[in-house]
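Worksheet: one structure, shown below.
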Amino acid sequence: MVGRVLIVEDEPNIVESLQFLLEREGLEISVQSDGGRALESVRASEPDVVILDVMLPNRSGFDILRDIHSLPGKRPKVMILTAKGQARDRDTAEEIGVDIFMTKPFSNKEIIANILGLLA
Amino acid sequence: MRKSLSGTRIREQRRQAKLTQKALAEQSGISASYLNLIEHNRRAVAGKVLLAIARVLDVPASSLSDGVDSAKISDLHEAAAHHPGIGAEVAGIEEYAGRFPGWAGMVAALYRQTRDQEAVITALSDRLTHDPFLAESLHGMLSNITAVRSTSNILTSIDDIDPEKQARFHEIIHEESRRLTETAQSLVTYFDKKADPNAGIATPQEELDSFLERHNYSFPQLDDLGEAPTNPVETAYLVNRILVNDGALENPEANRLVTEFLQSYARDSEALPHSDFAKKARQSHYNPSEIAHAFGTSMHMVFRRLAYQDAARTAAPPMGLIVANAAGRAIFRRPIADFAFPRHGNACPRWPLFQAFATPETPVAALLELPGRHKFIGLAIAEAQDARAFGQPPELNAAMLILHYEQRALLSGWLPDLGATRPIGITCRICPRKACNARTEPQILGDEAEG
């Protein structure tokens with residue numbers, strides 16, 4: 001499958017495993033660890049899917065999700081991938097308009113299936 | 001009006017001493033009919049007569065006089081309101097407190113204990129929900145576990161990983177496991193500390209209040225700072241030594257509040273050196289305005305210095321102090337006998353403290369009366385806390401100095417006409433003034449006439 005995925009995550013070891021898994025599926029991966037520069041990366045890499053952490057330096061994942069929704073034209077699909085798994089966090093993400101909400105720790109199989117589902 | 005209870009207490013003590021009214025009256029040098037009126041709370045008793053009766057009954061005069069029970073009675077009212085289903089006889093609370101002061105004290109103490117424990121539970125719940133250390137630790141652990149789980153799953157489920165990448169994944173597992181262990185160990189240490197029953201748990205503001213009470217609201221180590229040139233390092237050392245010697249502050253936020261208080265105390269001492277300040281205070285008859293003018297300081301600084309002074313070193317009258325921000329939240333509290341500050345909820349909006357916000361930088365003086373008939377002089381002023389800048393509203397705090405009305409002679413020569421007595425309360429919830437148009441919450445007291 002062909003597709004571009006942007007991983008916005010500040011834990012390098014999590015990024016490394018995600019990148020390994022998704023590249024094996026033939027996806028093109030870019031990475032941003034700074035929440036404050038996430039939107040810039042979205043504009044630059046034009047991903048089909050953004051994997052977005054919530055607790056990020058400089059800007060929260062929820063704010064970045066709002067930013068993505070305010071972009072003109074076709075917007076990427078967004079998967080929130082967070083340790084903040086409380087109901088209110090899920091509600092917040094769904095109110096803003098997330099495509100998939102996943103909590104850490106995740107299953108490799110499930111995350112690959114979800115990303116491929118968003119790209120289908 | 002809350003009745004005087006002195007008579008009830010005298011009657012009870014006389015009965016315990018197995019004395020007749022006639023015998024007590026004779027030995028106290030008053031007529032039996034006068035004692036009868038006193039015992040039925042129809043005549044006030046104070047001064048020499050009270051002392052004489054106390055001497056005959058062989059009890060401290062303070063145990064017979066009014067005022068000692070006001071806090072206890074407030075607590076009993078609150079306790080009754082807190083448990084309406086029990087049907088406590090609210091109308092008889094004062095009689096109960098007067099006749100059985102020990103039992104009343106025990107009920108009030110048990111109620112306070114329950115209320116304080118509820119506050120502890122709330123504080124603990126808040127801590128679990130909002131504690132930044134816990135939140136950060138748990139978030140970190142989940143991230144470590146995520147990395148370990150994902151990486152180990154890759155290693156076990158995928159065969160064709162090149163050796164270099166395999167080595168890297170092993171390294172990640174090792175690194176994340178080590179971080180996970182460190183976080184878990186720091187959490188264990190954290191909970192061990194919090195589980196210490198001797199540490200006590202209170203809100204940071206309550207810890208500050210307890211700290212000040214432990215030190216009797218004065219710090220002689222800092223009092224003399226202004227007597228000779230000092231430097232910030234020396235001041236910081238003195239502040240730190242007080243904290244270390246106290247050794248009872250567990251909560252970092254309480255530690256911060258206490259440190260800020262002590263630093264403020266030190267600055268006040270430097271600007272108002274003890275000996276010059278005490279001399280000027282006496283000379284000016286404790287006129288805060290004149291003292292502030294003489295030393296070129298703010299009135300708030302003078303208020304603090306007057307309230308937080310070592311009573312043993314000065315002959316100054318006792319003064320209470322409350323400082324609040326514009327939202328009405330108490331920042332500093334220095335209690336004074338018979339004038340309780342609310343532990344929870346808002347203070348009475350009729351306090352001059354709040355009036356002062358309407359006219360910043362303008363002193364306000366008022367004669368205040370609490371429902372128990374205790375009278376006080378309240379001196380208040382709202383002042384800007386920061387350097388003023390164009391286009392920015394000032395951050396105002398208001399401070400109110402409180403003195404017993406009986407001390408008014410010490411303030412001679414400058415105290416303005418205080419006008420009519422202003423009826424005030426402590427907080428609406430325990431205030432019996434039915435007709436008060438400043439009421440913001442319904443009272444939880446029983447059916448009681450306005451005081």
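Heavy-atom basis, side chains included; hydrogens, waters and symmetry copies ignored. Lettering of chains follows the sequences in order, A, B, ..., and the numbering in each one begins at 1. The structure presented is a predicted model; accordingly, all values stated were derived computationally and were not measured.
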Original post:
So which of A:Glu11, A:Glu16, A:Lys104 has the largest heavy-atom pair count under 4.5 angstrom toward chain B?
Top reply: A:Glu16
Subject >> Atom group of A:Ser107 that falls short of 4.5 Å from chain B, counting heavy atoms >> reply: both
Original post:
Considering only heavy atoms, which portion of B:Glu175 lies under 4.5 Å from any heavy atom of chain A: side chain, backbone, both, or neither?
Top reply: side chain
Subject >> Whether over 12 other heavy atoms sit under 6.0 Å from B:Glu395 CD >> reply: no
Subject >> Under 4.5 Å from a heavy atom of chain A, the part of B:Ile158 involved >> reply: side chain
**OP:** Assess whether atom CD of A:Glu46 is packed by more than 12 heavy atoms of other residues, nucleotides or ligands within 6.0 Å.
**Re:** no
**OP:** Only one of A:Asp99, A:Asp48, A:Asp67 passes salt bridge (charged side-chain N to carboxylate O under 4.0 Å, His left out) with A:Arg75; say which it is.
**Re:** A:Asp99
Original post:
Are A:Phe20 and B:Phe169 close enough that their ring centers fall under 6.0 Å?
Top reply: yes
**OP:** Just give me the residue among B:Ile154, B:Thr151, B:Ile145 that pairs up with chain A most often, heavy atom to heavy atom, under 4.5 Å.
**Re:** B:Ile154
Original post:
How close do B:Ala384 and B:Leu396 get, heavy atom to heavy atom, and via which atoms?
Top reply: N-CD2, 3.6 Å
Subject >> Residue pair A:Ser45 / A:Arg4: nearest heavy atoms and the distance that separates them >> reply: O-NE, 3.2 Å
Original post:
Which one, A:Val15, A:Ile14, A:Asn13, A:Leu18, leads in non-hydrogen pairs under 4.5 Å with chain B?
Top reply: A:Asn13
**OP:** Name the option with the most non-hydrogen atom pairs under 4.5 Å to chain A; the candidates are B:Ile161, B:Asp160, B:Val148, B:Leu138.
**Re:** B:Asp160
